Amino acid sequence: MLEIQYHGHSCVQLTNEGHSLIIDPFISGNPQATTRVADIRVQHILLTHGHRDHILDAVELAKQNDATIVATWELANYLSWQGVKVMGINLGGSVSFPFGRVKMTQAFHSSGVVMDEQQQIVYMGMPGGFLVTMGGKTIYHAGDTGLFGDMKLIGEMNQVDVAFLPIGDMFTMGPEDALTAAEWVKAKFVVPIHYNTFPPIEQDGDAFVAQLADRKIEGKAMKPGEIIRL
Ligand code: NI
Ligand code: MN
């Protein structure tokens with residue numbers, strides 16, 4: 001049975017038969033988080049892009065678990081300089097792991113590290129999303145993205161069991177576009193992410209789920225720390 005834990009913001013942990021991975025760990029800097037980085041046991045850490053609210057706890061988690069970070073080539077190399085194991089991949093590519101398969105999908109966003117002191121921005125490659133196949137289920141994590149038409153292709157080419165879609169607006173899709181995304185990826189179950197972490201991205205997750213229901217799509221606004229099993 002696949003266990004899915006939401007750690008808040010865009011951070012999702014998938015666990016099946018002793019294998020565990022976490023996507024976009026941002027816990028220690030998230031005022032809404034209820035879980036602790038020190039308690040998390042994973043073998044793989046997947047990063048959609050290089051923004052702080054997606055990678056903050058990646059190096060610490062990698063070190064405490066001797067885990068491998070899987071990210072776009074540039075971001076993976078950048079993090080390897082901090083002494084952690086990495087695997088650099090890129091958009092459209094997939095890799096098999098002991099737990100299943102990971103494919104990196106496109107996302108329309110940006111990806112860089114802003115070095116305030118040096119007044120420099122370091123390019124971190126393209127932003128992405130992930131299709132993870134694990135425990136017989138397919139999970140789509142859209143990353144940070146605006147709505148894009150090829151989400152229809154994701155829906156046509158995969159049987160998505162659960163889709164994690166950003167609804168926060170301002171930096172990503174807002175709820176209206178996320179409803180369209182939910183229809184296009186044809187997910188059986190949709191979980192809104194990337195909202196309510198900070199005031200600029202406040203949204204009503206339950207209202208979004210109610211609008212999903214109007215379109216005959218199941219979903220849930222998971223609370224930080226909450227676990228579902230499929
Ligand atoms: Ni971002
Ligand atoms: Mn973000």
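As the structure is a computational prediction, the values presented were derived from the model and not from experiment. Ligands are counted one by one from 1 in listed order, and the atoms in each one are counted from 1 as well.
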**OP:** Give a yes/no answer: is there an N/O/S atom of D144 under 2.8 Å from the Ni ion (ligand 1)?
**Re:** yes

Subject >> Of all N/O/S atoms in H51, the name of the one nearest the Ni ion (ligand 1) >> reply: ND1

Subject >> Under 3.5 Å donor-acceptor, T34 side chain and P224 backbone >> reply: yes

Original post:
Checking Q13 side chain against Y6 main chain: does a donor-acceptor pair fall under 3.5 Å?
Top reply: no

Subject >> N, O or S from H109 under 2.8 Å to the Mn ion (ligand 2) >> reply: no

**OP:** Specify whether an N/O/S atom of H54 falls short of 2.8 Å from the Mn ion (ligand 2).
**Re:** yes

Original post:
So H194 and H9, would you call those rings parallel, tilted or perpendicular, with 30° and 60° as cut-offs?
Top reply: tilted

Subject >> Shortest-distance N, O or S atom of D144 relative to the Mn ion (ligand 2) >> reply: OD2

Original post:
Nearest to the Mn ion (ligand 2), which N, O or S atom of D53 do we find?
Top reply: OD2

Original post:
the Ni ion (ligand 1) to H49: any N/O/S contact under 2.8 Å?
Top reply: yes

**OP:** Say whether, by atom type as modelled, one donor and one acceptor occur between the side chain of H19 and the main chain of G135 under 3.5 angstrom.
**Re:** no

**OP:** Fit a plane to each ring of F97 and F99, take the angle between them on a 0 to 90° scale, and name the class: parallel (under 30°), tilted (30 to 60°) or perpendicular (over 60°).
**Re:** parallel

Original post:
Does a side-chain heavy-atom distance below 4.5 Å link M115 with V122?
Top reply: yes

